[in-house]
Number of protein chains: 2
Amino acid sequence: MDRYMQAAVDEALIGLKEGGIPIGSVIVHDGKIIGRGHNRRIQKGSTVLHGEMDALENAGRLHASIYRECVLYTTLSPCPMCSGAILLYKIPRIIIGENRTFLGAEEHLKASGVKLEVINDPSCIAIMTGFIQARPELWNEDIGIP
Amino acid sequence: MDRYMQAAVDEALIGLKEGGIPIGSVIVHDGKIIGRGHNRRIQKGSTVLHGEMDALENAGRLHASIYRECVLYTTLSPCPMCSGAILLYKIPRIIIGENRTFLGAEEHLKASGVKLEVINDPSCIAIMTGFIQARPELWNEDIGIP
């Protein structure tokens, strides 16, 4: 696994240890990780800090031109909210750990010109499969399913 | 102006007094405001807390079924990120203060079945027009324009 996706997985595992939903993300600019984060629903009672959003938040305020040169790595296919943030900031390329346990707004991203690469990494799949089986109610809450 | 949109405008004006970007939002369930907020880019250095996102965050963790019975009021047409959050949580109806100074992802929302009502209220237009003229660089940063 490349070191950026490994960093996203590391974030997901930090979230899992905290009792949270194990999804992690990093934002890379010019080869350097400039933002990293993980889902904070449980830890902060947050409804907006999905992994990708937390990475964006932790990257801090950036000039709009920076985002357009970034690659975002995420352990799981980005939901409509995170996809919307990607489109707002015009991040051009997304590397997705897996889309087997959840398929986000990939078609909308592709139709909007974002380049996606889906790895379907076994460890990403295993982390989410285990969590969904253990805490289906938390997972459904996170993706807005009653 | 109806009292919910007035509450969203009140939030926008709180943001303006704080030195922030004046966009406010409230979420209404069963006639009651259950979340309110305003853009926090300047105040918190946040890249994800647009007005609608702040209202969602302040509403706290809710069962997915609640969102599906809500109406979201926002002083400005929702950007792609906020529209994505609306789609994630399946909020069915959005009342928009104005879309003259900025047109968000309204077509995408409509195509996804969300009902939109655009008021184009003069006070909402005046607040944003004044801010954009005064601080164009902050506004461009908020919507990801270099």
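Treat the numbers as computed from the prediction; the structure is a model and nothing was measured. Numbered from 1 within each chain, the chains take letters A, B, ... in sequence-line order.
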Residues in residues 75-87 of chain A near chain B [non-hydrogen atoms, under 4.5 Å]
A:Cys79, A:Pro80, A:Met81, A:Gly84, A:Ala85, A:Leu87

By number, which residues in residues 111-120 of chain A have some heavy atom less than 4.5 Å away from chain B?
none

Output the residues of residues 42-69 of chain A for which the shortest heavy-atom distance to chain B is under 4.5 Å, in residue-number order; output 'none' if no such residue exists.
A:Ile42, A:Gly45, A:Ser46, A:Thr47, A:Val48, A:Leu49, A:His50, A:Met53, A:Leu56, A:Glu57, A:Gly60, A:Arg61, A:Leu62, A:His63, A:Ala64, A:Ser65, A:Tyr67, A:Arg68

same_hphob_cluster(B:Ile125, B:Phe131) at 4.5 Å side-chain heavy-atom cutoff:
no

Joint hydrophobic cluster, B:Phe102 plus B:Ile132, side-chain heavy atoms closer than 4.5 Å
yes

Taking B:Val71 as the starting point, is it possible to reach B:Met1 by hopping between hydrophobic residues whose side chains are less than 4.5 Å apart?
yes

Examine B:Ile14 and B:Tyr73 and state if one hydrophobic cluster contains both, with Ile, Leu, Val, Met, Phe, Trp and Tyr joined whenever side-chain heavy atoms are less than 4.5 Å apart.
no

Please list, in residue-number order, every residue in residues 137-146 of chain A that has a heavy atom less than 4.5 Å from any heavy atom of chain B; write 'none' if there are none.
A:Leu138, A:Glu141, A:Asp142, A:Ile143, A:Gly144, A:Ile145, A:Pro146

